There are 2 protein chains.
Amino acid sequence: MTVTIKDVAKRAQVAPSTVSRVIADHPKITQETKEKVRKVMQELGYHPNLLARKLVTQSSQTIGIIRKTSSKHSLSDPFFPAALQGMSDLLHQKEYSILLTSGESDEEIYREVVNMVQGKSVDGMIMLYSQDDDPVLRLLLERNFPFVMIGKPTDHMDKVMYVDNDNVKAARDITEYLIRAGHEHIAYAGGDPRFEVHKDREHGYKQALKRANIQSEFMFRQETSKENAREIIKKIFDLNPRPTAIVTTDELAAMSILSALYEQKLRVPDDMAVTAFTDSMLSELSSPPMTTVNINPFQLGFEAAKTLIDLLENPSMMKRNILVPTSIVVRESCKKIKENEAIR
Amino acid sequence: MTVTIKDVAKRAQVAPSTVSRVIADHPKITQETKEKVRKVMQELGYHPNLLARKLVTQSSQTIGIIRKTSSKHSLSDPFFPAALQGMSDLLHQKEYSILLTSGESDEEIYREVVNMVQGKSVDGMIMLYSQDDDPVLRLLLERNFPFVMIGKPTDHMDKVMYVDNDNVKAARDITEYLIRAGHEHIAYAGGDPRFEVHKDREHGYKQALKRANIQSEFMFRQETSKENAREIIKKIFDLNPRPTAIVTTDELAAMSILSALYEQKLRVPDDMAVTAFTDSMLSELSSPPMTTVNINPFQLGFEAAKTLIDLLENPSMMKRNILVPTSIVVRESCKKIKENEAIR
DNA sequence: CTGAAAGCGCTTACAG
DNA sequence: CTGAAAGCGCTTACAG
């Protein structure tokens with residue numbers, strides 16, 4: 001039923017190997033034969049079987065993407081689609097396909113990765129997270145399998161290539177921005193510190209306070225769902241002195257906080273300043289639009305893919321890590337504290 | 001370097017075919033041989049080469065997902081990740097992998113699909129959209145290639161299996177909801193009517209007005225970016241009589257509208273009622289939380305994948321289309337118009 | 001219950 | 001410049 005290289009060869013009266021070379025546009029085949037063979041391919045509607053090619057060339061031209069889907073939260077977080085788009089852009093350009101993990105639990109994901117790696121389904125992998133003591137990371141390292149991490153490895157720093165923001169700096173910057181705006185009591189609502197990214201951002205927040213000689217520190221570490229946001233707001237407004245600003249570390253968290261404040265009829269930025277991370281359209285479209293750390297998720301994805309492809313094309317390449325710069329996009333969710341108010 | 005079935009066979013002193021059967025857990029192999037072979041597989045760290053298996057079984061155990069990435073807009077729209085998660089869940093359960101298209105333009109996407117289909121990289125496809133006069137659809141149909149569409153086909157209705165909401169009804173429902181709340185002048189801000197989904201929703205909106213004997217109709221069809229939203233709001237407030245409610249057809253559009261209203265210091269729902277579609281976390285987290293048509297995107301993805309797998313397992317199965325029910329989730333972005341006001 | 005052989009559809013040294 | 005042959009790593013009738 002399906003037409004193979006042999007059928008083409010027979011019809012064109014050449015050897016299968018010649019057809020194969022025509023497909024590859026091998027320079028040593030005459031223009032004449034090429035044309036003859038191509039004509040037959042047309043006629044027969046021939047299309048190469050990629051599976052067969054992959055088997056013999058031992059290369060899948062496919063990249064696996066490992067994502068954590070654990071929290072329901074992350075489903076709507078714009079980071080994933082943006083980073084995916086960045087990877088997708090570069091990989092498409094290089095003619096690589098994208099294979100996605102679909103597991104929920106850590107064990108499932110681990111098994112999928114084993115399958116991809118050992119089953120030769122992918123030539124390389126991109127990890128979309130960095131986590132303490134991660135079996136997936138260990139496996140990749142053990143097998144010496146090409147991969148790039150988005151985020152900073154907690155371990156084996158010298159062995160893994162990664163693409164990341166300077167998250168310490170990013171969080172420090174936004175905190176300092178608030179300090180410059182006159183805020184002295186600043187709360188932090190971040191994520192699970194088992195993930196490196198959150199460790200770094202906590203760190204940056206603390207650094208900023210320290211440098212400004214601010215003693216008070218208010219950390220909230222649970223996933224910032226709407227319910228948790230309510231609690232956080234409640235707690236914050238019970239505090240004395242109470243924080244006048246909240247640093248959050250993703251857009252959904254920021255929106256949850258905005259929402260909780262709205263419920264309490266508290267105004268942003270008048271009653272409370274709020275900042276976000278990521279900077280997708282959400283920050284622009286929220287009410288009020290949010291002042292946000294733009295971490296360039298598209299670029300993170302793009303550079304990760306690029307680094308991985310470079311590595312595959314040149315396996316002995318020097319290890320290199322890439323820091324994608326961040327910037328603060330000022331919108332309307334923070335305002336200056338008046339001098340006299342700042343002192344109270 | 002890599003250990004193959006032959007290596008295992010040699011070490012276990014059996015034939016390669018036996019090893020193959022052990023892997024497949026063939027019932028006619030003695031427990032004894034199975035154990036012996038499995039032990040050797042362990043020792044050698046054997047893992048089957050999936051590529052080879054796929055070539056010989058002529059099945060890739062992979063599903064291709066065709067998505068339009070054209071508009072930048074769609075990058076943050078929560079529909080895609082939610083539907084992806086639904087497909088992912090089912091496919092993972094059935095041990096299928098997911099291959100994503102990465103093309104931007106229609107031509108690129110088309111070429112990718114040709115490659116997947118002809119190159120035997122996927123066993124079936126899921127189309128995440130339905131569009132007029134679509135070459136991709138034509139190709140799939142011509143090749144008689146198994147696929148399921150999310151959305152309603154514009155053509156060849158009898159030949160394509162699809163999973164969809166009843167979008168006419170969904171839009172009618174939400175419009176009627178507003179009418180029941182006393183709104184008489186209701187604007188509609190929807191998307192490009194080349195996509196079937198938008199045609200249907202326009203239709204539903206109009207139906208509701210007609211049934212209620214409402215003459216005034218206000219349609220805005222451009223992609224509802226923040227800028228367009230500003231213009232829409234401006235136009236609406238110049239209208240006389242002016243609409244008191246806006247039906248939007250996705251969450252980002254709704255947020256844009258909310259944002260434009262916020263800029264003008266107009267209050268929702270007091271000055272304007274706004275409704276959304278999809279119902280991800282966004283509708284819950286916006287300020288105010290939005291009354292939304294829940295289209296169950298996860299379920300759409302899940303059912304599409306399920307239908308496709310059923311079809312692959314039983315190619316002669318009866319064509320079946322699935323309608324995923326929608327419901328209105330009432331939150332705070334609409335309120336009743338007072339009787340006396342409703343009359344003006 | 002197990003083995004030998006053929007074959008999935010390609011590519012790539014090796015010859016000539 | 002082109003062909004014959006071997007091989008990528010599996011699976012699956014066919015025998016016995």
Side-chain angles (χ1 to χ4, degrees), chain A residues 1-38 40-41 44-62 95 97 115-123, chain B residues 1-38 40-41 44-62 95 97 115-123:
Chain A
M1 160 79 228
T2 54
V3 21
T4 75
I5 233 175
K6 277 184 192 165
D7 303 318
V8 177
K10 204 172 289 172
R11 176 92 156 245
Q13 312 201 62
V14 295
S17 41
T18 303
V19 177
S20 176
R21 288 187 186 104
V22 172
I23 294 167
D25 204 15
H26 194 107
K28 287 193 182 158
I29 303 282
T30 10
Q31 203 51 37
E32 206 182 355
T33 5
K34 278 186 185 171
E35 271 158 27
K36 183 175 63 180
V37 171
R38 282 190 187 129
V40 175
M41 298 199 308
L44 265 42
Y46 170 78
H47 195 95
N49 181 320
L50 267 23
L51 242 38
R53 179 183 292 165
K54 287 171 185 176
L55 178 59
V56 60
T57 59
Q58 304 274 40
S59 124
S60 63
Q61 286 288 111
T62 303
E95 306 201 285
S97 301
N115 253 298
M116 288 185 184
V117 170
Q118 311 260 49
K120 307 272 192 290
S121 304
V122 299
D123 296 342
Chain B
M1 161 76 229
T2 54
V3 20
T4 75
I5 232 175
K6 278 186 194 165
D7 302 319
V8 176
K10 204 172 289 171
R11 176 91 155 244
Q13 312 201 65
V14 295
S17 41
T18 303
V19 178
S20 176
R21 289 188 186 103
V22 172
I23 295 167
D25 204 14
H26 194 108
K28 287 196 183 159
I29 302 284
T30 11
Q31 203 52 36
E32 206 181 356
T33 3
K34 278 187 186 169
E35 270 158 29
K36 182 173 64 180
V37 172
R38 282 190 186 127
V40 175
M41 299 201 306
L44 265 41
Y46 169 79
H47 196 95
N49 181 321
L50 268 23
L51 243 37
R53 177 183 295 167
K54 288 171 184 174
L55 179 59
V56 61
T57 59
Q58 305 274 42
S59 126
S60 62
Q61 286 288 112
T62 303
E95 305 202 285
S97 301
N115 253 296
M116 286 185 185
V117 170
Q118 311 260 50
K120 307 272 193 288
S121 304
V122 300
D123 295 342

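Throughout, protein chains are lettered first and strands after them, A, B, ... in sequence-line order, and every chain is numbered starting at 1. This one's a predicted model, so the numbers in the text were calculated from it and none came from an experiment.
- Counted within 6.0 Å of CD on Gln58(A), heavy atoms from surrounding residues, nucleotides or ligands total more than 12; the atom is thus considered enclosed.
- Residues satisfying the side-chain contact (heavy atoms from CB on, under 4.5 Å) test with Ala24(B), not counting sequence neighbours, are none.
- Residues from residues 31-38 of chain A lying near DNA chain D, meaning a heavy-atom separation below 4.0 Å, are Thr33(A) in numerical order.
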Just distance, no hydrogens or angles: give the donor-acceptor pairs under 3.5 Å from side chains in residues 29-38 of chain B, sequence neighbours left out.
residue: Thr30(B); atom: OG1; partner: Thr33(B); partner atom: OG1; Å: 2.5
residue: Thr33(B); atom: OG1; partner: Thr30(B); partner atom: O; Å: 3.2
residue: Lys34(B); atom: NZ; partner: Asp25(B); partner atom: OD1; Å: 2.9
residue: Lys34(B); atom: NZ; partner: His26(B); partner atom: O; Å: 3.0
residue: Arg38(B); atom: NH2; partner: Asp25(B); partner atom: OD1; Å: 3.1

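- Between the OH atom of Tyr46(B) and the CD1 atom of Ile23(B) there is a distance of 3.5 Å, given to the nearest 0.5 Å.
- Atom pair Lys28(A):NZ and dG3(D):P shows a separation of 15 Å (rounding to whole Å applied).
- For Val56(B), there are no side-chain contact (heavy atoms from CB on, under 4.5 Å) partners, not counting sequence neighbours.
- Remark: Arg53(B) engages no residue in a salt bridge (Lys or Arg N to Asp or Glu O under 4.0 Å) (not counting sequence neighbours).
- Under the salt bridge (Lys or Arg N to Asp or Glu O under 4.0 Å) criterion, Arg21(B) pairs with no residue, sequence neighbours left out.
- If you measure from atom NE2 of His26(B) to atom P of dG3(C), you get 13 Å, rounded to the nearest angstrom.
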Discussion item. Base contacts versus sugar-phosphate-only contacts with protein, heavy atoms under 4.0 Å: please encode nucleotides 6-12 of chain C as B, S and - from 5' to 3'.
Written reply: -BBBBBB

Response to the item:
Under the rule of Watson-Crick or G-U wobble with both distances under 3.5 Å, where | means paired to another strand and [ ] a crossing pair, DNA chain D maps to |||.||||||||.|||

Discussion item. Is there a side chain to side chain contact (heavy atoms under 4.5 Å, CB included) between Val3(B) and His47(B)? Walk through the geometry before answering.
Written reply: CA-CA 8 Å; Val3(B) 20; His47(B) 196 95; over 6 Å; no

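- Partners of Lys10(B) by salt bridge (Lys or Arg N to Asp or Glu O under 4.0 Å), not counting sequence neighbours: none found.
- Checked against side-chain hydrogen bond (donor to acceptor under 3.5 Å, both in side chains), Ser60(A) has the following partners two or more places apart in sequence or in another chain: Asp123(A).
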